[in-house]
**Q** 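Before I ask anything, here is the structure I am working with.
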Amino acid sequence: MNDIETKLRETVKRLLADHTVRYVIGWEATRFEDKTRPAFISDSADTDRLVWNKYCVSSLAKYALDEQHSEGKIGICVRGCDSRAVCRLIEDKQLLRENLYLIGLPCDDKEMNICDTCTHRNPVIYDELVGEPVLERQADRFAMVGLMEAMSADERYSFWESNYSKCIRCYACRNICPACNCRACYADQERVGWQGKQMNTAQNQIYGLTRTYHVGDRCIECGECERVCPMMIPVMLQTRKMLKDINEMFGDYECGLPDGRAPVLGEYTLGDADDFM
């Protein structure tokens with residue numbers, strides 16, 4: 001057991017004992033040494049189930065939507081990406097800040113490739129920080145995008161055609177994404193012309209591209225969409241391409257920060273770039 005794990009358990013036990021929160025969402029071990037899963041702790045006697053290690057990679061914020069209208073505060077363990085997800089859900093009017101108690105956890109390296117490009121290893125908002133902040137690092141968020149942009153148009157089409165031919169339309173990418181929080185998703189509509197239900201490459205590509213546009217300027221770059229994909233489709237590569245274009249057109253932009261800035265594609269000024277028109 002590490003020091004942060006010990007302090008986390010003590011913190012959660014205290015918050016439950018004094019009724020600050022109704023329950024806490026964290027991580028617990030599984031029968032696999034290199035896997036953890038979300039844990040929902042409502043009894044102070046169960047706090048020993050909580051763990052904190054390099055395998056705590058599941059995003060937790062979206063689970064709070066299951067009780068978004070209930071009374072009493074919900075505690076959530078938040079890393080940098082989890083805290084940005086909370087900001088996203090609050091901005092989308094899906095959660096109320098006063099109904100949450102955020103337990104911040106400085107995040108060192110995790111067992112995920114997306115973590116190599118993380119620019120927020122410390123939570124951006126929290127009510128209580130467990131452990132000492134870690135040094136932030138400069139990372140090239142768009143390194144892989146450059147490799148895709150270097151491809152010819154035919155090469156890019158073949159690349160995505162090959163990937164989306166594997167898609168089984170399980171919608172795991174949508175279900176885990178904190179930016180995908182519509183009550184009724186367009187992909188579930190039955191009206192002709194919304195989204196085809198055929199299981200073929202063309203319809204899969206339409207789904208993937210449409211979803212990218214829906215979350216493009218609202219993505220908090222947690223990489224959960226790609227992590228949970230059972231077919232290992234590089235979903236984040238599409239979204240990162242859109243984020244790169246947004247940064248080039250509108251300046252430095254990151255979603256899910258507590259700066260009050262609305263998603264850029266929802267902003268409008270007379271000085272907007274219009275070279276594309």
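Just so it is clear, the values below take in all heavy atoms, side chains as well, and ignore hydrogens, waters and symmetry mates.
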**Q** Heavy atoms only: give me the nearest N204-C167 pair and the separation to one decimal.
**A**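 Closest heavy-atom pair between N204 and C167: ND2-O, 3.2 Å.
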**Q** Do NZ/NE/NH1/NH2 and the carboxylate oxygens of E98 and K73 come within less than 4.0 Å?
**A**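 No salt bridge links E98 with K73.
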**Q** Is the gap between the ring centers of F40 and Y63 under 6.0 Å?
**A**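 Between Y63 and F40, which both carry aromatic rings, the centre distance is below 6.0 Å.
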**Q** Side-chain contact, heavy-atom cut-off 4.5 Å: M236 with I114?
**A**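 Touching, per the 4.5 Å side-chain cut-off.
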**Q** Less than 4.0 angstrom from a charged side-chain N to a carboxylate O is my criterion; do K7 and D3 meet it?
**A**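 Salt bridge: no.
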**Q** Within a reach of under 6.0 Å around OH of Y126, are more than 12 heavy atoms found that belong to other residues, nucleotides or ligands?
**A**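 At most 12 heavy atoms, drawn from other residues, nucleotides or ligands, come within 6.0 Å of this atom.
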**Q** Take C177 and E224 through the test side chain to side chain contact (heavy atoms under 4.5 Å, CB included) and record every step on the way to the result.
**A** CA-CA 7 Å; C177 176; E224 283 291 88; over 6 Å; no
**Q** In the structure I gave you, are the side-chain heavy atoms of C118 and C81 within less than 4.5 Å of one another anywhere?
**A**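 The answer is no, as the side chains (C-beta and beyond) never meet within the 4.5 Å cut-off.
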**Q** Mind listing the closest non-hydrogen atom pair of A187 and R174 along with its distance?
**A**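 Nearest heavy atoms, A187 then R174: CB-NH1, 4.3 Å.
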**Q** With a 6.0 Å cut-off (strictly less than), is the heavy-atom count around CD of E132, excluding the residue itself, greater than 12?
**A**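 At most 12 heavy atoms, drawn from other residues, nucleotides or ligands, come within 6.0 Å of this atom.
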**Q** Between E28 and L50, is there a donor-acceptor pair closer than 3.5 Å when you use the side chain of the first and the backbone of the second?
**A**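 Pair absent, no side-chain N/O of E28 close to backbone of L50.
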**Q** Does the side chain of E254 come under 3.5 Å of the side chain of T119 through a donor N or O and an acceptor N or O?
**A**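 Judged by distance alone, the side chains do pair up.
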**Q** Would H214 and C182 count as a side chain to side chain contact (heavy atoms under 4.5 Å, CB included) here? Give the steps.
**A** CA-CA 10 Å; H214 278 192; C182 294; over 6 Å; no
**Q** Identify the heavy atoms of N163 and P234 that sit nearest to each other, and give their distance.
**A**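 Between these two residues, the closest heavy atoms are OD1-CD, 3.1 Å.
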**Q** Please round to the nearest 0.5 Å and tell me the distance separating atom CG of L65 and atom CZ of R183.
**A**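 Those atoms lie 10.5 Å apart.
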**Q** Within the supplied structure, the quantity of interest is the number of heavy atoms (other residues, nucleotides, ligands) at a distance under 6.0 Å from L147 CG; does it exceed 12?
**A**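 More than 12 within 6.0 Å, yes.
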**Q** Quick test of your reading of the model: are K13 and D18 salt-bridged, counting only N-O distances below 4.0 Å?
**A**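 So K13 does not pair with D18 through a salt bridge.
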**Q** As a quick check of understanding, evaluate salt bridge (Lys or Arg N to Asp or Glu O under 4.0 Å) for D127 and R97, giving each step before the final call.
**A** CA-CA 11 Å; D127 292 297; R97 179 66 177 91; 3.1 Å; yes
**Q** Check the pair R9, E5 against salt bridge (Lys or Arg N to Asp or Glu O under 4.0 Å), reporting the backbone distance first and the verdict last.
**A** CA-CA 6 Å; R9 293 177 178 182; E5 185 175 281; 3.4 Å; yes
**Q** Start with the C-alpha distance between W27 and Y55, add both sets of side-chain angles, then the distance that settles side chain to side chain contact (heavy atoms under 4.5 Å, CB included), and finish with yes or no.
**A** CA-CA 9 Å; W27 300 270; Y55 304 117; over 6 Å; no
**Q** Answer yes if L243 and L257 sit in the same cluster of Ile, Leu, Val, Met, Phe, Trp and Tyr residues linked by side chain heavy atoms under 4.5 Å apart, and no otherwise.
**A**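 Different clusters.
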**Q** Counting neighbours of CD on E248 that are heavy atoms of other residues, nucleotides or ligands and sit closer than 6.0 Å, is the number greater than 12?
**A**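 Enclosed.
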**Q** Could you check whether E161 pairs with R156 (Lys NZ or Arg NE/NH1/NH2 to Asp/Glu carboxylate O, under 4.0 Å)?
**A**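 No salt bridge links E161 with R156.
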**Q** Atom CG of N175 and atom SG of C225: how far apart are they, to the nearest 0.5 Å?
**A**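 Here the rounded value is 12.0 Å.
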**Q** With no hydrogens and no angle check, do the side chains of E136 and N122 hold a donor and an acceptor under 3.5 Å apart?
**A**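 N122 and E136 do have a side-chain donor-acceptor pair below 3.5 Å.
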**Q** I'd like to know whether CE of M242 has more than 12 heavy-atom contacts from other residues, nucleotides or ligands below 6.0 angstrom.
**A**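 Correct, the count exceeds 12.
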**Q** Between C173 and V228, which heavy-atom pair has the shortest distance, and what is it?
**A**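 Heavy-atom minimum between the residues: N-CG2, 4.1 Å.
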**Q** Could you tell me whether the side chain of V24 reaches within less than 4.5 Å of the side chain of I76, counting heavy atoms only?
**A**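 SC-SC contact between I76 and V24 ruled out.
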**Q** Side chains of P263 and R88, heavy atoms from C-beta outward: is any pair under 4.5 Å?
**A**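 Yes; the side chains approach each other to less than 4.5 Å.
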**Q** Rounded to the nearest 0.5 Å, what separates atom CD1 in I220 from atom OG1 in T239?
**A**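 If we round to the nearest 0.5 Å, I220:CD1 and T239:OG1 are 11.0 Å apart.
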**Q** Please find the pair of heavy atoms, one from Y186 and one from T210, that lie closest to each other, and give the distance.
**A**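 The pair with the smallest heavy-atom distance is OH-CB, 3.3 Å.
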**Q** Tell me whether R22 is salt-bridged to E71, with the criterion being a basic N under 4.0 Å from an acidic carboxylate O.
**A**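 No salt bridge links R22 with E71.
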**Q** Going hydrophobic residue to hydrophobic residue with side-chain gaps under 4.5 angstrom, can you get from W52 over to V57?
**A**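 Different hydrophobic clusters.
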**Q** Distance-only, no hydrogens or angles: does the T20 side chain make a donor-acceptor pair with backbone N or O of L16 under 3.5 Å?
**A**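 Judged by distance alone, no pair lies under 3.5 Å.
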**Q** Less than 3.5 Å apart, any donor N or O on the side chain of Y171 or R169 sitting next to an acceptor on the other?
**A**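 Per modelled atom types, Y171 and R169 side chains form a pair under 3.5 Å.
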**Q** Nearest 0.5 Å, what's the CD-OG1 distance between E10 and T47?
**A**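 Interatomic distance, E10 CD to T47 OG1, rounded to 0.5 Å: 9.0 Å.
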**Q** Considering only heavy atoms from C-beta outward, does the side chain of L100 approach that of V86 to under 4.5 Å?
**A**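 Yes, side chains in contact.
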**Q** Check the surroundings of atom OH in Y213: do more than 12 heavy atoms from other residues, nucleotides or ligands lie under 6.0 Å from it?
**A**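 Not buried by this count: 12 neighbours or fewer within 6.0 Å.
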**Q** Given R240 and E221, is the side chain to side chain contact (heavy atoms under 4.5 Å, CB included) satisfied, shown in steps?
**A** CA-CA 8 Å; R240 278 263 166 90; E221 301 175 66; 3.0 Å; yes
**Q** What distance do I41 atom CD1 and L15 atom CG have between them, rounded to the nearest 0.5 Å?
**A**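 I41 CD1 to L15 CG: 13.0 Å, rounded to 0.5 Å.
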**Q** Could you check Y23 against E67 for side-chain hydrogen bond (donor to acceptor under 3.5 Å, both in side chains), going step by step and ending with a plain yes or no?
**A** CA-CA 11 Å; Y23 66 91; E67 291 194 70; 3.1 Å; yes
**Q** Is a salt bridge present between E91 and R218, judged by a nitrogen-to-oxygen distance below 4.0 Å?
**A**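 Result for this pair is no, no salt bridge flagged.
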**Q** Mind checking whether P38 and S58 have side chains closer than 4.5 Å, heavy atoms only?
**A**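 Yes, side chains in contact.
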**Q** Are the side chain of R79 and the backbone N or O of L105 linked by a donor-acceptor pair below 3.5 Å?
**A**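 Between the backbone of L105 and the side chain of R79 there is no qualifying donor-acceptor contact (under 3.5 Å).
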**Q** Side-chain contact test, heavy atoms from C-beta onward, threshold under 4.5 Å: evaluate it for L60 versus C77 and give yes or no.
**A**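 Of all side-chain heavy-atom pairs linking C77 with L60, at least one is under 4.5 Å.
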**Q** When hydrophobic residues are tied together by side-chain contacts of less than 4.5 Å, even through go-betweens, does V264 share a cluster with V215?
**A**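 The answer is no; the residues belong to distinct hydrophobic clusters.
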**Q** Donor-acceptor pair, distance only, cut-off 3.5 Å: does the side chain of S158 make one with the backbone of E155?
**A**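 Not at all, since once roles are kept as given, no pair shorter than 3.5 Å links the two residues.
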**Q** Do the side chain of E128 and the main chain of I103 share a donor and acceptor less than 3.5 angstrom apart?
**A**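 Flag not set: sc E128 to bb I103 has no pair under 3.5 Å.
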**Q** Do F159 and F142 sit in one hydrophobic cluster, given that two such residues count as connected whenever their side-chain heavy atoms are within less than 4.5 Å of each other, even indirectly?
**A**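 Yes, because F159 and F142 connect within a single hydrophobic cluster, where side-chain heavy atoms sit under 4.5 Å apart.
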**Q** Do I176 and L89 sit in one hydrophobic cluster, given that two such residues count as connected whenever their side-chain heavy atoms are within less than 4.5 Å of each other, even indirectly?
**A**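 No, because I176 and L89 fall into different hydrophobic clusters, even though each may have its own neighbours under 4.5 Å.
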**Q** Out of curiosity, R121 CZ to R137 CZ, how far, rounded to the nearest 0.5 Å?
**A**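 Nearest 0.5 Å value for the CZ-CZ distance: 4.5 Å.
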**Q** Is there a donor-acceptor pair closer than 3.5 Å between any side-chain N or O of T30 and the backbone N or O of K35?
**A**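 Between the backbone of K35 and the side chain of T30 there is a qualifying donor-acceptor contact (under 3.5 Å).
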**Q** What's the shortest heavy-atom distance between C87 and I125, and which atoms?
**A**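 Scanning both residues, the minimum pair turns out to be SG-CD1, 3.6 Å.
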**Q** Taking the side chain as every heavy atom from C-beta outward, state whether L129 and P123 have any atom pair closer than 4.5 Å.
**A**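 The answer is yes; the side chains approach within 4.5 Å.
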